[in-house]
Colleague: 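Following this message is one structure expressed as C-alpha cells.
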Amino acid sequence: MCGLIRTGWGWLGGLLQVGVMAGVGWYMYTYGAESAASMWAVLFVAVFFWLASVVFSLACVLLTGRYPGEAKLARKAIAASIEQGAGAFFTPKEG
C-alpha cells in the first residue's frame, strides 16, 4: 500500500512540474520574458515532492518496518523460489 501511495505521489509531482512549466511557458509567451524567473517554481515543486517522498518512506519504515514496495518484492521472490522448487519435486522419474 505504501509503495502504491508513493508511486502515485511521484506521478502527481511529475504532472504538477509539467503543468507549472507549461503555465510559466505560456505566461512568458503571452507577457514576455520578464516572467521567466517564475520557472524556478518547477525546481521548488520538484524538491518539495522529493522531500515529501523521503519523509513518507521513512514514516512507512517506522510504522510497518518495511520500505514502500518491499513487501511486493518479497512476494515475488517467494513465488519465484516456490516455482523453482516445485519443478524439482514434480519431475517424472525414469525407469
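Predicted model, so just to flag it, every value in this text is computed and none were measured.
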Colleague: Any chain of hydrophobic side-chain contacts (each under 4.5 Å) joining Met28 to Met21?
Modeller: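 Both belong to a single hydrophobic cluster.
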Colleague: My understanding is that only residues two or more places apart in sequence, or in another chain, count here; which of them pass side chain to side chain donor-acceptor pair (under 3.5 Å) with Ser38?
Modeller: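 Residues passing side chain to side chain donor-acceptor pair (under 3.5 Å) with Ser38: none at all.
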Colleague: For a quick test of reading the model, state the closest non-hydrogen atom pair linking Arg6 to Ser57 and the distance between them.
Modeller: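 Scanning both residues completely, I find the closest heavy atoms to be NH1-OG, 3.0 Å.
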Colleague: If I compare all heavy atoms of Gly13 with all of Val45, which pair ends up nearest, and what's the gap?
Modeller: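 For Gly13 and Val45, the tightest heavy-atom pair comes out as O-CG1, 4.4 Å.
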Colleague: Nearest 0.5 Å please: distance from the CD atom of Gln17 over to the CG atom of Leu12.
Modeller: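 Here the interatomic distance stands at 10.0 Å.
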Colleague: Is a donor on one side and an acceptor on the other found under 3.5 Å between the side chain of Thr30 and the backbone of Tyr27?
Modeller: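 No; zero donor-acceptor contacts below 3.5 Å.
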Colleague: Just how far is it from atom CG of Leu16 to atom CZ of Phe48, taken to the nearest 0.5 Å?
Modeller: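 It is 9.5 Å, given to the nearest 0.5 Å.
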Colleague: Could you list the residues that satisfy ring-ring contact (aromatic ring centres under 6.0 Å, His included) with Trp40, not counting sequence neighbours?
Modeller: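 For Trp40 there are no ring-ring contact (aromatic ring centres under 6.0 Å, His included) partners, ignoring immediate neighbours.
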Colleague: Apply side chain to side chain contact (heavy atoms under 4.5 Å, CB included) to Val42 and Met39, showing your working.
Modeller: CA-CA 6 Å; Val42 175; Met39 195 62 81; 4.0 Å; yes
Colleague: Of all heavy-atom pairs between Cys60 and Thr64, which one has the smallest distance, and what is that distance?
Modeller: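 Answer, listing the atom of Cys60 first, then Thr64: O-OG1, 2.6 Å.
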Colleague: Do you reckon Trp50 sits in the same ILVMFWY cluster as Phe44, going by side-chain contacts under 4.5 Å, direct or chained?
Modeller: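 Linked within one cluster.
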Colleague: Testing the basics here: between Ser53 and Trp9, what is the closest heavy-atom pair and its distance to 0.1 Å?
Modeller: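 Answer, listing the atom of Ser53 first, then Trp9: N-NE1, 4.0 Å.
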Colleague: How far does CZ of Phe49 sit from CG of Leu15, to the nearest 0.5 angstrom?
Modeller: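 That separation rounds to 9.5 Å.
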